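Structure record follows, encoded as structure tokens.
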Amino acid sequence: MKKTFAIAGMLIFALGNAQAQKLTGAGATFPQPIYEKWFAEYSAAHPGVEINYQAIGSGGGVRQMTAGLVDFGASDMPVTDEQLAASKTKLTHIPTVMGAVVPSFNVPGVTDIKFSPDVLADIYLGKINNWSDGRIAKDNPNEKLPNLKIIVVHRSDGSGTTYIFTDYLSKVSSDWANGPGRGASPSWPVGVGGKGNPGVAGLVRQLPGAIGYVELLYALQNHISYGDVKNAAGNWEKASIDGVTAAAASIKQMPSDYRVSITNAPGATAYPISSFTYLLVPLKFPDPAKGKVIKDMLSWIINSGEGEAAGLSYAPLPKSVADKVLKTVYSLQ
């Protein structure tokens, strides 16, 4: 009898150790708050699983994942065909949540500013450089805008948040599209750089006259004002979960690889600077034991984690997308 219990104990110990894994991930700061929550909760529910996630920016996450230096990557921007072809392992995109990028600002005495698309683009092009500019005043007739220099703040690192923002600017401004263009690290005409969403939020909070772009939660956490943006339907929209969800509703057919843009989406209530964010994982895991844990973690995120997204100002995946993503997760090897 003692021998039987000893064998059973050894089997339980072995099974427990089979699930004990240390996972490393790196990438986007845009979803960092929800990822930190998810990874902590998953680890707590699965003793022996440790998840170390470094929020180094989408560009860094893509580089580390395609070089095979981490177990999973994270990016707010779709990986390009060239990057996928150069990757050490074949990768797939796993959408996790959707979020909003907001124009945050620090203008003393002003808490609400409306931004037309062309005005926002021209501020970042350096064509509008004072808060008292007539074009800003025209959209904000009830605000007392000061004679104060605009300090443009942008990301200093390769950034998916930057990709989302410049993807939007490229759609609404031909000058932007034909100038700096869409990308994670464009050549900025003006401004100062901050590292990560926290760095941009910190600079905006510190510098009177500053404007920056950050994921919605960073503006809320740092108590920074952020403006309404005129959407493609001509309506002023302040970032919200409903507005991001409305932007996602513009997708008629989700691509099989999930690489899709929802900036400047049509729809009366769509928030125009919205995006999916992704985890990047191998189609076939080099380490099957780690792969088993990552697959389980991904399925937990879709089945359970999505319910926590709204509490951190992210929009959960639409059910049709979540169902499709689960099938992709189950197909991973």
Side-chain angles (χ1 to χ4, degrees), residues 28 30 57-59 62-63 75-85 99-105 113-131 133-139 149-194 197 200 204 210-215 226-237 239 247 250-251 255 259-267 270-277:
F30 181 96
S58 295
V62 171
R63 285 192 297 274
S75 177
D76 310 320
M77 55 187 175
V79 180
T80 66
D81 291 342
E82 292 76 16
Q83 289 170 324
L84 289 173
V101 176
V102 299
S104 56
F105 60 88
I113 298 179
K114 292 179 171 64
F115 294 98
S116 295
D118 59 312
V119 167
L120 201 53
D122 282 354
I123 287 173
Y124 270 81
L125 285 167
K127 295 181 179 181
I128 296 177
N129 51 37
N130 195 292
W131 286 106
D133 188 278
R135 291 169 63 191
I136 303 176
K138 181 181 178 182
D139 291 330
K149 181 182 178 181
I150 296 174
I151 302 173
V152 169
V153 181
H154 55 73
R155 289 283 287 273
S156 60
D157 52 329
S159 159
T161 307
T162 294
Y163 179 89
I164 297 165
F165 188 62
T166 58
D167 179 52
Y168 168 71
L169 294 182
S170 293
K171 290 180 180 180
V172 300
S173 167
S174 58
D175 286 346
W176 187 273
N178 296 323
R182 176 189 296 106
S185 300
S187 179
W188 296 102
V190 293
V192 296
N197 272 282
V200 172
V204 172
I211 182 173
Y213 56 90
V214 293
E215 197 279 324
Y226 59 96
D228 298 30
V229 183
K230 184 179 286 187
N231 67 13
N235 299 321
W236 297 107
E237 291 294 324
S250 67
I251 305 171
R259 293 188 292 175
V260 65
S261 169
I262 56 172
T263 57
N264 204 40
Y271 179 70
I273 321 180
S274 300
S275 179
F276 286 91
T277 190

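For the single chain, residues carry numbers from 1 onward in sequence order. Source: prediction; values computed, not measured.
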If I take atom [atom1] from residue [X] and atom [atom2] from residue [Y], how far apart are they, to the nearest 0.5 angstrom?
| X | Y | atom1 | atom2 | result |
| --- | --- | --- | --- | --- |
| L125 | W188 | CG | CH2 | 10.0 Å |
| N264 | N231 | CG | CG | 8.0 Å |
| Y213 | N197 | OH | CG | 8.5 Å |
| F165 | T263 | CZ | OG1 | 11.5 Å |
| I150 | I123 | CD1 | CD1 | 4.5 Å |
| I251 | F276 | CD1 | CZ | 4.0 Å |

[X] and [Y]: which non-hydrogen atoms are nearest, and at how many Å?
| X | Y | result |
| --- | --- | --- |
| S58 | S75 | OG-CA, 3.5 Å |
| P103 | Y271 | CD-OH, 3.6 Å |
| V102 | A239 | CG1-CB, 3.4 Å |
| G194 | V200 | O-CG2, 3.8 Å |
| E215 | G99 | OE2-CA, 4.4 Å |
| P189 | P180 | CG-CG, 3.8 Å |

Flag for D76-S275: side-chain donor and acceptor within less than 3.5 Å: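 No - no donor-acceptor pair under 3.5 Å links their side chains.
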Pair K171-S261, side-chain donor/acceptor within less than 3.5 Å: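 Per modelled atom types, K171 and S261 side chains form a pair under 3.5 Å.
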Could you tell me whether the side chain of [X] and the main chain of [Y] form a donor-acceptor pair under 3.5 Å?
| X | Y | result |
| --- | --- | --- |
| S159 | T161 | yes |
| D122 | K127 | no |
| Y163 | G158 | no |
| S170 | D167 | no |
| D228 | W236 | no |
| T166 | T162 | yes |
| T80 | Q83 | yes |
| R259 | V79 | yes |
| N178 | S174 | yes |

Side chain to side chain contact (heavy atoms under 4.5 Å, CB included) evaluation trace for V101 with F30: CA-CA 9 Å; V101 176; F30 181 96; 3.7 Å; yes
Aromatic plane relationship, Y124 with W176 - under 30° parallel, 30 to 60° tilted, over 60° perpendicular: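 Answer is perpendicular, since the angle exceeds 60°.
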Among D139, I136, I211, the one residue meeting side-chain contact (heavy atoms from CB on, under 4.5 Å) with F115: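 Per the side-chain contact (heavy atoms from CB on, under 4.5 Å) rule, the option paired with F115 is I211, out of D139, I136, I211.
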Derivation of the side chain to side chain contact (heavy atoms under 4.5 Å, CB included) call for V229 and V172: CA-CA 12 Å; V229 183; V172 300; over 6 Å; no
